[in-house]
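Every value quoted in this text rests on a predicted model; they were computed, and no experiment measured them.
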2 protein chains.
Amino acid sequence: VRSAILAVGTELLGADRADTNSLRLSAVLADFGVAVQHKSVVGDDEAAIAREVSRLADEHDLVLLTGGLGPTADDVTREAVAAAAGRRLVHDPALEAELRQRFARFLRRMPETNLRQAAVIEGATLLPNRRGTAPALTLPLGSATLFLFPGVPFELEGLIAEHLVPWLARRTGGHKRETATLKVACVPESEVDERLQPAYAEFGREPITVLCSPGEVRVRMTATGDGAGRAARLQAMTARVRQLLGPEVFAATEAETLEEVVGVALRAAQATVATAESCTGGLIAERLTRIAGASDYLLGGVVAYSNALKTALLGVSQEILAVHGAVSEPVARAMAEGVVARTGARFGLAVTGIAGPGGGSEEKPVGSVHLALFDAAEPRASVHHLVRFPGDRERIRWQTSQLALDLLRRRLVAAGSR
Amino acid sequence: VRSAILAVGTELLGADRADTNSLRLSAVLADFGVAVQHKSVVGDDEAAIAREVSRLADEHDLVLLTGGLGPTADDVTREAVAAAAGRRLVHDPALEAELRQRFARFLRRMPETNLRQAAVIEGATLLPNRRGTAPALTLPLGSATLFLFPGVPFELEGLIAEHLVPWLARRTGGHKRETATLKVACVPESEVDERLQPAYAEFGREPITVLCSPGEVRVRMTATGDGAGRAARLQAMTARVRQLLGPEVFAATEAETLEEVVGVALRAAQATVATAESCTGGLIAERLTRIAGASDYLLGGVVAYSNALKTALLGVSQEILAVHGAVSEPVARAMAEGVVARTGARFGLAVTGIAGPGGGSEEKPVGSVHLALFDAAEPRASVHHLVRFPGDRERIRWQTSQLALDLLRRRLVAAGSR
């Protein structure tokens, strides 16, 4: 089934509102193995809607349209689709009666403009809308099936469940898709792609998607088709990708965040952590405390932005600061040890770097960050990293927090595996 | 100018990601009086991209395309547009050298797949991208002008400023629309709307939009048309709205954030601040340090998540904690004073509360937050607030940080006005 989605509404062509109904429709279609080939947005313009509907119906088997079924004069989807289909709009007295009853039920007078919503495209099937005044419609257009839905998300949701899902189940014979996601932190997209080459060769490119955001790459595997083979294929694909990505994989679901995974690992190890942050200014502690119940493993942290505070709050010696500078391995290590000494946490996680845009030098350019993890339970397993991140201040800080959390995660994995 | 936007990317046809680049592009176009007539999304499919580009170029004067310029094999926008334009793709050795330099600068090896980004459509103009590896391109297609931009928002933003805006200015003869924004923190949307009634009566509802996000309301004024009347109208409208909203207005531009405004005020007062956070877990310090140069006024902070750390790092007495509980006025005040004592900052900004979902009680339900601001220069001007925020953990923490920063801003305004 080739499918397309058309959203109607001049407001969706402006700067403030994205078409999000199509995301919901895509999810429902995908469950039945129907991929969306095309999405369009047009304004409340009868000719433009009619042109686009005709075009989409020519090239697809299923066209889902949302919006423009309201009562006001700029809601012209009914007229446009009637024109595209070469059919008349007819007034439906039963529908009018229902509309009037609906208003009466809420003790309101029906504005005369709402009468427009009692117009039906000749030959179309009416799909009752329990959540609003605009009924949905379905009709054939050429060889395609067309659905017209109102644009209000709450109403659309009801109509999907009541009408679209049963139609898709009949048409496709049931669910057809399963997905799995693996996430890695701090590996560049291109490197992930390179590592995945053997998986592409084995399973094809199509079912493996690489999605990139700063400091994080998601690899999504999709298995489609009928029967037991689908689940087995997904499992095989996921196992292979996991093997290729190795211990960099930190999560096996779409929703899990690095701070969540680290929290689970800390809790499992009955370990505590405290942070000592310079360039991230509290971001690492803030991320750890996004998780409810973080007080079980995060004792707290210090934001030592000035050198004086690195000494006063973390006990970093003035000599080390003077000799090596604030952005250096000895200072990062001293911060990590210092926060452990002051808080009694097992782990001290420290970062000091140059987030920019100012403060860089030839020797220590913007983006240079020293990270240190001190493990009081096994001081010799403490680590230090020097990295240089690209991007602006925000990205440098975010990537620093990603790497810091990932260092802690990897240490917990290593400590737990013995 | 008839314009259309095409977003390329299979992930934009799925359930997870909406095309938001087009919102940004629409905003830029609107500033130059160019309305968007059509938006489309197609997948990483060479034939589909080529077909859609040709079609959009037939019906519009300007077509802006985003996405599919990356290094991976599924980035096929270059190939598709070359095919649509009937041109060849040629390898650009200078571009390759630049790519290799870029990777070297970040101490990374360039994966061979990135070589694809050195391919240029014959006859197209290269638009350098300072923020990433994918250069933008512009070329004519039929009677339309086509721009190809990478899909990464951060890179797109740079390319808009550097290349698209100057092109639009030349093509349209300059701006046709002006907007102004006033922002207030921690005032409910309905109260803002009520206060604005006189402005609606004077200028109409159309040009005044109220946009709401957690802990913040933006009021946007829009004036359109040519000539001097436009600026005067905008100015009159803005002055009236500002008067109606009063001292709650913290910013007069869309982009300015509360942390930025607070930073400017602290710098002007030559004052320093340190934070003492419990339920926000570092968010307030993190927000203050988002601003480049924050080290001039933020000395640092303490995240005292556990009671023990409130005592160890902030000197909050165990007795106060035992008698009043961690979420109380005396503890908030002691945290604010404690962080000043330990850091030597003029201002101590402290919050302690229940972000939930657990930890609430009849007496102190989830959302209860105590905020304290200690001013060492004028201890009697120190303040305390008890509030109860609605929403989930994330919203409670965010609103707490908004109110904390706004308390500091208002104190700085009051101190500066005498």
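Contact of B:N114 with chain A is made through the side chain alone, with heavy-atom distances under 4.5 Å. Heavy atoms of B:I291 lying under 4.5 Å from chain A belong exclusively to its backbone. Proximity to chain A (any heavy atom under 4.5 Å) is shown, for B:A355, by neither the backbone nor the side chain. Only the backbone of B:Q37 comes within less than 4.5 Å of a heavy atom in chain A; its side chain stays farther off. For B:L288, no part lies under 4.5 angstrom from a heavy atom of chain A. Contact annotation for A:R290: both backbone and side-chain heavy atoms come within less than 4.5 Å of a heavy atom of chain B. Proximity to chain A (any heavy atom under 4.5 Å) is shown, for B:A292, by both the backbone and the side chain. Using a 4.5 Å cut-off between heavy atoms, B:R393 contacts chain A through its side chain alone, with no backbone atom that close. Residue contact with chain A, scored on non-hydrogen atoms closer than 4.5 Å, involves the backbone of B:R105 exclusively. Heavy atoms closer than 4.5 Å to chain A are found in the backbone of B:T280, but not in its side chain. Only the side chain of B:R220 comes within less than 4.5 Å of a heavy atom of chain A; its backbone N, CA, C and O stay farther away. For a residue to count as touching a neighbouring chain, one of its non-hydrogen atoms must lie under 4.5 Å from one of that chain's; by this rule B:A48 does not touch chain A. Contact of B:L283 with chain A is made through backbone and side chain together, with heavy-atom distances under 4.5 Å. When heavy atoms are compared at a cutoff of 4.5 Å, B:R342 approaches chain A by way of both its backbone and its side chain.
Note: A:L313 CG to B:L299 CG = 10.0 Å, rounded to the nearest 0.5 Å. From B:D16, atom CG reaches atom CG of A:L211 across 7.5 Å, with rounding to the nearest 0.5 Å. Atoms OG and CZ, from A:S190 and B:R116 in turn, are 13.0 Å apart once rounded to the nearest 0.5 Å. Taken from OH in A:Y305 to OG1 in B:T275, the straight-line distance is 12.0 Å, to the nearest 0.5 Å. Atoms CG and CG, from B:L23 and A:D19 in turn, are 10.0 Å apart once rounded to the nearest 0.5 Å. Here the CG-OG distance, from B:D296 to A:S306, works out to 11.5 Å after rounding to the nearest 0.5 Å.
Top candidate by heavy-atom pairs under 4.5 Å with chain B, chosen from A:P188, A:A30, A:G359, is A:P188.
Although no hydrogens or angles enter the test, the distance criterion places no donor-acceptor pair under 3.5 Å between the side chain of A:K39 and the main chain of B:K39. In this structure a side-chain-to-backbone donor-acceptor pair under 3.5 Å is present from B:R397 to A:T289.
Inter-residue side-chain proximity for A:S40 and B:H38 is flagged as met; some heavy-atom pair is nearer than 4.5 Å.
Between B:R17 and A:C212, the shortest heavy-atom distance links the atoms NH2-O, 3.7 Å. Closest approach of A:L13 to B:S26, counting heavy atoms only: O-OG, 2.9 Å.
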**OP:** Kindly determine whether B:L309 and A:T343 satisfy side-chain contact (heavy atoms from CB on, under 4.5 Å), including the steps that lead there.
**Re:** CA-CA 7 Å; B:L309 283 204; A:T343 62; 3.8 Å; yes
Original post:
Taking it one step at a time, do A:E194 and B:R109 satisfy salt bridge (charged side-chain N to carboxylate O under 4.0 Å, His left out)?
Top reply: CA-CA 12 Å; A:E194 213 164 56; B:R109 189 183 58 81; 3.1 Å; yes
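Residue B:E254 places its CD atom among more than 12 non-hydrogen atoms of other residues, nucleotides or ligands, all under 6.0 Å distant.
Comment: A:R55 engages B:E59 in a salt bridge, judged by a side-chain N to carboxylate O separation of less than 4.0 angstrom. The residues B:E286 and A:R287 are annotated as not salt-bridged, no charged nitrogen and carboxylate oxygen being separated by less than 4.0 angstrom.
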